[in-house]
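The block underneath contains the structure these notes are about, expressed in structure tokens.
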Amino acid sequence: MRSDDRLQRRRHSLAHLLGAALVDMYPGTKLAIGPATDDGFYYDALLPSPLSVDDLPVIEQKMRDIAPAWTLFDRRVISVNEARDLFANNPYKLELIDQIEKEGSDLSLYTSGDFTDLCGGGHADSLQEVCMDGFTLRSVAGAYWRGDEKNDMLTRVYGLAFDSREDLESHVQMLEEAKKRDHRTLGKKLGLFSFSPLVGPGLPLFTPRGTALRHAIEQALSVLLDRHGYERIWIPHLAKQDLYEQSGHWDKFGDELFSVQGRHDSFVLKPMNCPHHTQVYASSPKSYHDLPVRYAEQTTVYRDEQKGELLGLTRVLSLTQDDGHIFCTPDQIEDEVASTISFIETWYRALGFFKGDDCTILLSTRGGDREKYLGDDATWQHAEQVLADALRKKGLSFSEEPGEAAFYGPKIDFHFKDSIGRTWQLATIQLDFVMPERFSLTYVDTDGKKKTPVMIHRAVTGSIERFLGIMIEHFAGVFPFFLAPLQVRVLPINPDAHAYAHEVLATLRSHGIRADADLAHEPIGKRVAKAYAEHLPYRVVVGSKEAERRSVTLEHGESKEVISLADCCERFARENDVFS
RNA sequence: GCCACCUUAGCUCAGUCGGUAGAGCACUCCCAUGGUAAGGGAGAGGUCGUCGGUUCAAAUCCGACAGGUGGCUCCA
């Protein structure tokens, strides 16, 4: 048995112990299920009265009190009828019994101490092998029976469990680190964005600092867009409902669309840009000479998410996409996909990713069930082949996910692991054989006949808001130079140096550096401390010595060097140019 | 949307038993004119999320609403 499995068994055993404690302390409790999780266990139960986090230490103590009597997990197979009798007043267990009967599996009971639960097994031999210092109850939350919002809301008690106190403590430490670098906390501390109840939840407002950060990302992406031959377009944020009826999104997105009633027509706030972009393509006749056509736009879309699902910047109602659509011939797919992969690779390498195993690439293909997908076999086969070849030529390893493709075409997704080990899906490249058809897009081919182009949807960051949230947490607010909302702070030693400080600031700004100056009547030490607290990449300190020689003291963390103002500007410009 | 919890100054938080509100940081002013991780002093800042109820009296107790936080099929 792998040690992981053993740990999972111990966690599941602790779930039983938690169930026993709940039943013991709160008579009338109806237990539902209690599985192991990645970092511990939980038990879902319908309790006679609400629980609060203050109850957790008491429940935990109860678990420790019961534990010594649990010397083994005694298994007994019983009949369906016996099981129904035993759990007659527990609707959840009865539902499970029905399900198991349908599956034709054995029904088993496990008993420890004086607690018996319906369970399929997977326990430790006894609780004596479970580290009692390695677990703790973490939180209490609501959870629907079987995760379905139409069912009862149960109370879920979460526990953390490891094989030693040290493992538990280091896990708790990781959770604390994640909490410390939470983008909502850092966003407030660094003054990047805020929410106003009057504007509405899920609608982030970006401050000057936060906007500088967004612009830094947009500008850097813009450099790569130019390099890869994109043209910029602009579309309004509304469209008639008819647009989305024709695209199929009206049926599919349903209540996630924001409707706007005009005087004569019904409008929808755009939840995506593809339909608009097809209409830009359709605005003039195209021949094969014109293809590929590459449109790019940084633009905001609006989706009416469920309120409870909103979360800081990672789940919002208004999100900005670094959207791009390529219209090309089937023959051009390969080059376009290769170029898009390079784009994504260049971008994420500049941010320090693509090192070791921090990037996972998934190729989603059609798989066996062809009914679900639109488009002809030849196109699909060609496209899937081309995507795989493009990745191989780049020397990127990937795993194929059959049956995971969108109904309109295969896709490549890029997942990245952040600095504390969490994985995020960020970039995506999707082929689309359906939308060009729906909007009757054409180009005139070499044979003079009208053909339908292939559409490639691609996003590098996904949504700027979500990407920002992830980067804030990944860098813990300490951004690389080219992203830092404020890159340099000019610090005059004393008021005599103010005039030179102004001059230095103006020079830096004229070189495109995001800089400010701290002219407060405060000791240099205090102003340096503030610069540290704001995670400024560089400090430029000037006094009478620097003013005389037209130099600056350039400081980065603990390091200092005196260089000429001109050299300083040149160095910053070089550091800003991340893609060369 | 649903369940639990939370909401006191711009921020982080204290506030005992129901008796009309406090700290640190930030802010403003004065002093200190400085060479590297927070110099000294003074001042200003609050309908205690909103609305209603109980009470002689509510930040405190009760209710509704708003906003926020943790969760919402790892399966008996």
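Nearest heavy-atom pair, Ala476(A) versus Leu186(A), reported as atom, atom and distance to 0.1 Å: C-CD1, 3.6 Å.
The residue Lys530(A) sits close to a base: some heavy atom pair falls under 4.0 Å. Residue-level contact check: Glu546(A) touches the bases, meaning some heavy atom is under 4.0 Å from a base atom. Within 4.0 Å (heavy atoms only), Ser559(A) reaches no atom of the nucleic acid at all. Residue-level contact check: Tyr158(A) touches the backbone only, with heavy atoms under 4.0 Å from sugar-phosphate atoms and none from bases. Here Pro35(A) lies in heavy-atom contact (under 4.0 Å) with sugar-phosphate atoms only. Gly308(A) comes within 4.0 angstrom of a nucleotide base, judged by non-hydrogen atoms across all strands. Counting any heavy atom pair closer than 4.0 Å across all strands shown, Pro201(A) reaches sugar-phosphate atoms only and no base atom. Lys93(A) comes within contact range of the sugar-phosphate backbone alone, with a heavy-atom separation under 4.0 Å but no base atom that close. Residue Ser105(A) is out of contact with every strand shown, counting any heavy-atom pair closer than 4.0 Å. Base contact: Arg146(A) has a heavy atom under 4.0 Å from a base atom. Among the atoms of the strands shown, only primed sugar atoms or phosphate atoms (P, OP1, OP2) are found under 4.0 Å from some heavy atom of Arg184(A). Here Leu311(A) lies in heavy-atom contact (under 4.0 Å) with sugar-phosphate atoms only. Contact annotation for Asp39(A): no contact, since no heavy-atom pair falls under 4.0 Å across all strands. Within 4.0 Å (heavy atoms only), Glu101(A) reaches no atom of the nucleic acid at all.
In this model, a donor atom of one side chain and an acceptor atom of the other lie less than 3.5 Å apart for Gln8(A) and Arg11(A). Looking at Arg214(A) and Thr320(A), their side chains do bring a donor and an acceptor atom within 3.5 Å of each other.
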Test salt bridge (charged side-chain N to carboxylate O under 4.0 Å, His left out) applied to Glu473(A) and Arg422(A), step by step: CA-CA 10 Å; Glu473(A) 299 191 3; Arg422(A) 299 169 301 181; 3.0 Å; yes
Trace of the salt bridge (charged side-chain N to carboxylate O under 4.0 Å, His left out) decision for Glu177(A) with Lys180(A): CA-CA 5 Å; Glu177(A) 177 56 35; Lys180(A) 233 177 11 203; 3.5 Å; yes
Stepwise salt bridge (charged side-chain N to carboxylate O under 4.0 Å, His left out) check, Asp148(A) with Arg146(A): CA-CA 5 Å; Asp148(A) 188 333; Arg146(A) 316 213 117 187; over 6 Å; no
Pair Asp24(A)-Lys62(A), salt bridge (charged side-chain N to carboxylate O under 4.0 Å, His left out): steps then yes or no: CA-CA 9 Å; Asp24(A) 207 80; Lys62(A) 184 81 196 175; 2.9 Å; yes
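Between the P atoms of A59(B) and G49(B), the separation comes to 10 Å (whole Å). Across A58(B) and C17(B), the matching C1' atoms stand 14 Å from one another, rounded to whole Å. Nucleotides G41(B) and U36(B) are separated by 25 Å at their C1' atoms, to the nearest Å. Across G45(B) and G53(B), the matching P atoms stand 31 Å from one another, rounded to whole Å. Taking the C1' atom of each, G15(B) and U60(B) are spaced 10 Å apart, rounded to whole Å. Nucleotides G22(B) and A44(B), compared at atom C1', are 16 Å apart to the nearest Å. Comparing the P positions of C65(B) and A4(B) gives a spacing of 13 Å, expressed to the nearest Å. The C1' atoms of G43(B) and U47(B) are separated by 23 Å, rounded to the nearest whole Å.
Ranked by how close their nearest RNA chain B nucleotide is to the 5' end, Ala32(A) and Arg539(A) are led by Arg539(A). For the pair Leu310(A) and Leu51(A), nearest-nucleotide mapping onto RNA chain B gives the more 5' position to Leu51(A).
With salt bridges taken as basic N to acidic carboxylate O contacts below 4.0 Å, none links Arg571(A) and Glu575(A).
In RNA chain B, runs of at least 3 stacked Watson-Crick or G-U pairs (N1-N3 plus N6-O4 or O6-N4, or N1-O2 plus O6-N3, all under 3.5 Å) give these stems: B:1-7 with B:66-72, B:10-13 with B:22-25, B:27-31 with B:39-43, B:49-53 with B:61-65.
Between His183(A) and Phe193(A), the two ring planes are tilted [angle within 30° to 60°].
Along RNA chain B, read 5' to 3', the first and last nucleotides having any atom under 4.0 Å from a heavy atom of chain A are G1(B) to A76(B).
Judged by the 6.0 Å distance and 45° axis criteria, Arg165(A) is not positioned over the aromatic ring of Phe135(A).
The ring-ring contact (aromatic ring centres under 6.0 Å, His included) search around His123(A) returns His12(A), His16(A), Phe73(A), Tyr110(A), not counting sequence neighbours.
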